[in-house]
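For reference, the structure discussed in these notes is given below.
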Amino acid sequence: MTLPFETNLPEKPPPGSSPPEASPSDSSSWNRTLILSISGLRFELQGLPSELRSRLAVRFSRFVVEPDSVTRANLTIRVRPAVVRGYLDYDTHGQAKVYELETRVEEGRLHAWSYAFSGWFEIDGDQGELSLCDSDVEPPSHSIENFLRVAFAWKASKAGGFLFHASGLVRDGRAYVFFGPSGSGKTTVTRLYPHELQLNDDCIHITRAGSVFYAGGVPFKGCPEGGAQDAGAFPIAGLFRLVQSRNVACERLGAAEAMAEIATSVPFVSETPEGALRVFEAAEAMARTVPVMKLYFELAPSFWDVMEESLRG
Amino acid sequence: MVEATARPRRHRSSTTRVVDAQAVIALADTAMIQILNDVGTRVWNLIDGHRSVQEIVAAVRGQLETEGYSSVSEGLDRDVEIFFEDLSAHGLITWSGAGS
């Protein structure tokens, strides 16, 4: 399965350019814990080596929380070194390759694996495991982020929300969410407005409180400069399905089309009938509450006025 | 060519939600999503693995004529046949009984 999000594999670093993230050969040092609170969901990573834990604490800095005796994690993941050199075959023949990740649901567990990791978590429970390879192709910190992305998508769906393949900006306390297939301009839109608070350049957590839908920041990145600038959640002003065009225009979508467009941009969970139904229910509720529009735009900041006018109309 | 006595069945990994009289269908195996119009939704709602194509056409024709859409029911047989060919081509249905 080729992922919908815009993550390309890194170039192999030149020798000596950076220290390795973890050494699977010394498993006795894999004993550190990191707890992340992401948009109301809590993930505990156990069994990390010290250097990897430090690296993740920096990468996910806005989402790291201290342990306490009261709050239970939505998912506890036991991390361990893999006993194999890799999982999915990585062979580019000199060509750039878009990231691949496989998943499978089996006996109440979601199994996920890519080039340098393999793991599982209980869909309805709170336990999981993750094996990491020592790899330059997919460094352990990237492996953990990609596994967490899948886990978060499922846990968010079980909690009534969903992980949305979209970028988001906050203006005047309201979130403007931009979505569409890879290459539609999600990341570019956020770069056109660098002075606005960026929720994320690649994915956003959608939640609901009563009749109000919120867009929340998550730590998963679409590019090295991306990721969340804020860990909070903001009421959604509108959802904008991006279509690159020479003309700038906004067209409101009917409920069915809006729901279909939204569901197309919800990764992982829609791959099972049960997950798809949950996504449909949430997407329909949002399509009936939040303006969902097709935004025809060119890669310049001029579209924002058209967008605001459409929301007022 | 769709046999009139063939019985269509929805793909087991399909998920449906009807919104404003339009069926939105997701096919998990392919991550595909389709939206059906009013007549397509009526046909889809009648697909249960037991009704034959001709029974479905008759049922939809009855609905449309009852609601005053007699002109729409003309040509319905051919339209529904094409629709079933499309559904089959997109993997949304399978067939039991006399095949297509």
Side-chain angles (χ1 to χ4, degrees), chain A residues 1-5 98 100-106 110 123 150 153-154 157 162-165 179-182 239 241 252-290 292 294, chain B residues 7-51 56 60 63-64 67 69 72 76 79-80 82-96:
Chain A
M1 182 188 82
T2 301
L3 285 171
F5 52 84
V98 179
E100 291 189 26
L101 183 149
E102 301 286 342
T103 61
R104 183 182 74 240
V105 176
E106 192 172 283
L110 189 290
I123 293 173
V150 179
W154 277 86
S157 174
F162 53 88
L163 185 65
F164 196 35
H165 185 212
F179 69 105
S182 295
L239 269 64
R241 164 61 163 94
R252 184 145 187 174
L253 298 180
E257 189 177 2
M259 190 184 102
E261 290 281 6
I262 292 167
T264 304
S265 291
V266 178
F268 308 122
V269 182
S270 298
E271 294 166 22
T272 66
E274 301 77 17
L277 187 58
R278 281 201 301 275
V279 170
F280 271 8
E281 289 169 351
E284 182 188 353
M286 189 159 74
R288 294 198 183 280
T289 309
V290 176
V292 183
K294 255 187 187 167
Chain B
R7 295 191 299 274
R9 180 184 300 276
R10 298 181 188 182
H11 193 286
R12 59 178 170 73
S13 69
S14 68
T15 302
T16 304
R17 192 162 179 95
V18 178
V19 179
D20 296 342
Q22 291 181 284
V24 182
I25 307 167
L27 193 60
D29 291 351
T30 63
M32 178 183 66
I33 295 182
Q34 291 276 358
I35 304 175
L36 305 182
N37 62 15
D38 175 89
V39 174
T41 298
R42 293 171 190 263
V43 172
W44 182 260
N45 285 340
L46 292 167
I47 296 174
D48 60 4
H50 301 292
R51 293 188 180 92
I56 291 173
V60 172
Q63 291 173 9
L64 293 173
E67 295 170 25
Y69 297 114
V72 177
L76 186 64
D79 289 343
V80 173
I82 293 173
F83 180 60
F84 275 122
E85 289 172 349
D86 284 344
L87 289 177
S88 188
H90 284 97
L92 289 168
I93 59 172
T94 56
W95 296 96
S96 56

Should A:Arg288 and B:Val19 count as side-chain neighbours, where that means a heavy-atom distance under 4.5 Å?
->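 In contact.
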Minimum heavy-atom distance A:Phe280-B:Ile33, with the two atoms named |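 Reported closest heavy-atom pair: CE1-CD1, 4.3 Å.
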Taking all heavy atoms of B:Arg12 and all of A:Pro273, pick out the closest pair and write down the distance.
->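 Minimum heavy-atom separation between B:Arg12 and A:Pro273: O-CG, 4.2 Å.
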Hey, could you give me the CD/CZ distance between A:Glu284 and B:Arg17, rounded to the nearest 0.5 Å?
->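 The distance works out to 4.5 Å.
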Measure the spacing between CG of A:Leu277 and OG1 of B:Thr15 and express it to the nearest 0.5 Å.
->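 If we round to the nearest 0.5 Å, A:Leu277:CG and B:Thr15:OG1 are 6.0 Å apart.
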Would you mind checking which part of A:Glu257 comes under 4.5 Å of any heavy atom in chain B, side chain (CB onward), backbone (N, CA, C, O), both or neither?
->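 For A:Glu257, backbone and side chain are both near chain B.
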